[in-house]
Amino acid sequence: MGIKDLGRVHRLLPGLAEKMAEGKLGRREFLRTSTLLGLSATAAYGVVAELTGVDLMPKASAQEPTRGGVLRISMNIKEITDPAIYDWSEKGNVARHIVESLAQVGADNITRPFLAESWTASDDLTSWTFNLRQGVKWSNGDDFTADDVIFNFERWLDPEVGSSNYGRFALLRGPNDGDPMIENAVVKIDDHTVQLNLREPMLALPESMGDYPALIVHRRFVEEGGNLVENPVGTGPFTLERFGVGQEAVFTRREDPYWGGEVYLDGLHYIDHGDDPSAWLAALASGQVDVLYRLFVEQVPAAQAIPGLEILETPTAQTGVARMKVTEPPFDNPLVRKAVQRCVDNAAVLDLAYQNLGVVAEDHHVAPIHPEYATLPAMEQNYDEARALLAEAGYADGLDITIDCVAQPPWEPNTCQVIAEMLRPAGINLSVNIMPGGTYWDRWTTAPFGFTSWTHRPLGVQVLNLAYRTGEAWNESSYSNPEFDTLLDRANGIYDVDERREVMAQLQQILQDDAVIIQPFWRSEFTAVGPGVREFALHPANEIHINKTWLETA
């Protein structure tokens, strides 16, 4: 496809291709942005190869897949009642085999159509038309139609539901916390075409549709009980046979043809081996399972010593933040928050708590892997400044505070312990309250000071929309800054990555200056697979996509 031909997909694409050809835009940035603007991933990879001479297309295995077998995966099993309010990747991993998303972000970080066959965006990125796949059947025999999509958006944008999608798709509703969906935000054009009309431009709209709380449930989901386990109606290739929280999730392949083509596995069996990561690795080493959902960094050396295992690694925008609730004393005083921030050496935390297997972060939750990341001046540990800030805040004699965190994975309490040691020379005594996961996650948005892990999102604006926009369900710090919200709205609509980076620099600086979080590092992710597992990829957000995975049998 020539540069001029790209304009038939979207008027912005020829300019992007020219910038890439001139070396002013990275190949990965072109792939990510062009696919969001409606270019197919295959065409986008082809343009990269044509204009740069570099073939980045992921290569499929040369082996012929074989059909059959049950893939066994070790992963914690959590309740999956309502996808709209999911708050754990593990929930999405189970439900994804039943209910599916309009778009899907691949292991290569590129967004592709899924239940939506394609999409087009208006010149100004405020109106998006999604063409839904025809011939897709729900497992109850109903056709998948625009009514299903509209039902989901109406639920997501109802503030009473409590979905994180209320922030993810904030530009389809009013600008204030609690505002409903704007008039004509979601319009049915016909049975297989839906138009979304935003109050401001937004480039990442298709990418946001691939996140795990955006799985599409049937239009009668609420009417029929609102419980995916009790009524697992879906468009996916598998049927839920057995499910138990903390136990297992068992699937078999649907008998009727799947819209997505050949599915090789007969079934899936997720097994919950508890919270001890050594039990997960032991299950893999002994052949009880074929794949680990996650391999903790502390286990990598032990896994490498086990014959027959393949260790997978990928750089990610996964992280952990020690976030201070800005509405709760003493963290309602910005001087206290800044004093805590000045005590921490993020590079040293990465080394001590995560074996230096990641990238140093800068307390603003935008990663170097994000295309719009802006480089800010390096942060430095400064105890003199920290003591002065504490004295100005009224704590010249020191301060006693507590941070809540989960017991597993080990890097989370380890990070908190390292931070506690770094605060001590400034007179800040930080107690680390290590809690069972269930207890912590019951109160993660209410704790005055807590350490929370955040998963990977392909664009920096996505996580800022979820975590720091005023009033959003996942805004655990209760941060509210009108200037930040306004700039974020602007960043959402800028397609040119260089221009978006200019606004992102301001957003990053505001978060850093307001000292909302201590964010030491970005993590590399690991997992391990046993012999015979083919076409299984480690996703940067730990999503499990197995529709093309197969098992090689002897």
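Hydrogens, waters and symmetry mates are skipped; everything else that's a heavy atom, side chains included, is used.
In this structure Glu224 satisfies the side chain to side chain donor-acceptor pair (under 3.5 Å) test together with Arg220, Asn231, sequence neighbours excluded. For the side chain to side chain donor-acceptor pair (under 3.5 Å) test, residues two or more places apart in sequence or in another chain that qualify with Glu248 are Arg242, His269. Not counting sequence neighbours, the partners of Thr446 by the side-chain contact (heavy atoms from CB on, under 4.5 Å) test are Arg443. Listed by chain and residue number, Asp211 satisfy the salt bridge (Lys or Arg N to Asp or Glu O under 4.0 Å) test with Arg168 (two or more places apart in sequence, or in another chain). The side chain to side chain donor-acceptor pair (under 3.5 Å) test applied to Asp191 returns Lys188, not counting sequence neighbours. Evaluation of the side-chain contact (heavy atoms from CB on, under 4.5 Å) rule for Thr252 yields Thr239, Glu241 as partners, not counting sequence neighbours. Applying the side chain to side chain donor-acceptor pair (under 3.5 Å) criterion to Glu472, with sequence neighbours excluded, gives Arg173. Qualifying side-chain contact (heavy atoms from CB on, under 4.5 Å) partners for Pro436, counting only residues two or more places apart in sequence or in other chains: Thr439.
Note that NZ of Lys325 is 14.5 Å distant from OH of Tyr479, once rounded to the nearest 0.5 Å. Rounding to the nearest 0.5 Å gives a distance of 9.0 Å between CH2 of Trp280 and CG of Asp272.
In this structure, His539 and His545 have tilted ring planes: the angle between them lies in the 30° to 60° band. Between Trp411 and Phe451, the angle of the ring planes goes over 60°, which puts this pair in the perpendicular group of the 30/60° scheme.
Across all their heavy atoms, Glu29 and Pro371 have their closest contact at CG-CB, 3.5 Å. In plain terms, the two heavy atoms of Ile85 and Gly162 that are nearest each other are CG2-O, 3.8 Å. Nearest heavy-atom pair across Val149 and Leu132 is CG2-CD1, 3.8 Å.
Pairs passing the side chain to side chain donor-acceptor pair (under 3.5 Å) check and including a residue from residues 281-295, sequence neighbours excluded, read Arg72-Asp290, Ser286-Gln288, Arg294-Glu525, Arg294-Asn542. Counting only residues at least two apart or in different chains, side chain to side chain donor-acceptor pair (under 3.5 Å) contacts with residues 149-161 comprise Asp82-Arg155. Applying the ring-ring contact (aromatic ring centres under 6.0 Å, His included) test to pairs two or more places apart or on separate chains, those with a residue in residues 209-230 are Trp138-His218.
Put simply, the side chain of Asn414 never gets that close to the backbone of Ala353: no donor and acceptor are under 3.5 Å apart. Without hydrogens or angle criteria, Asn227 side chain to Thr81 main chain gives no donor-acceptor distance under 3.5 Å. For Asp190 (side chain) and Thr193 (main-chain N/O), a donor-acceptor pair under 3.5 Å exists by modelled atom type.
With ring centers used as reference points, Trp522 lies 6.0 Å or more from Tyr373. In this structure, the ring of His97 has its center less than 6.0 angstrom from the ring center of Tyr270.
Note on Arg534 versus Glu552: salt bridge recorded, some NZ/NE/NH1/NH2 to OD/OE distance being below 4.0 Å. At a threshold of 4.0 Å, the pair Glu207-Arg457 does not count as salt-bridged, since none of the basic side-chain nitrogens sits closer than that to a carboxylate oxygen.
Between the side chains of Ser453 and Gln318, no donor-acceptor pair of N or O atoms lies under 3.5 Å.
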Atom pairs and distances, donor-acceptor, side-chain atoms in residues 460-470, under 3.5 Å, two or more places apart:
from: Gln462; atom 1: OE1; to: Leu459; atom 2: N; distance (Å): 2.9
from: Asn465; atom 1: OD1; to: Arg469; atom 2: NE; distance (Å): 3.3
from: Asn465; atom 1: OD1; to: Arg469; atom 2: NH2; distance (Å): 2.7
from: Asn465; atom 1: OD1; to: Asn492; atom 2: ND2; distance (Å): 3.3
from: Asn465; atom 1: ND2; to: Val461; atom 2: O; distance (Å): 2.9
from: Asn465; atom 1: ND2; to: Asn492; atom 2: OD1; distance (Å): 2.9
from: Tyr468; atom 1: OH; to: His365; atom 2: ND1; distance (Å): 2.7
from: Arg469; atom 1: NH1; to: Asp489; atom 2: OD1; distance (Å): 3.1
from: Arg469; atom 1: NH2; to: Asp489; atom 2: OD1; distance (Å): 3.0
from: Thr470; atom 1: OG1; to: Ser480; atom 2: OG; distance (Å): 3.1
from: Thr470; atom 1: OG1; to: Asp485; atom 2: OD2; distance (Å): 2.6

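With Thr452 as reference, Tyr440 is the one residue of Trp441, Trp444, Tyr440, Trp474 to meet the side chain to side chain donor-acceptor pair (under 3.5 Å) rule.
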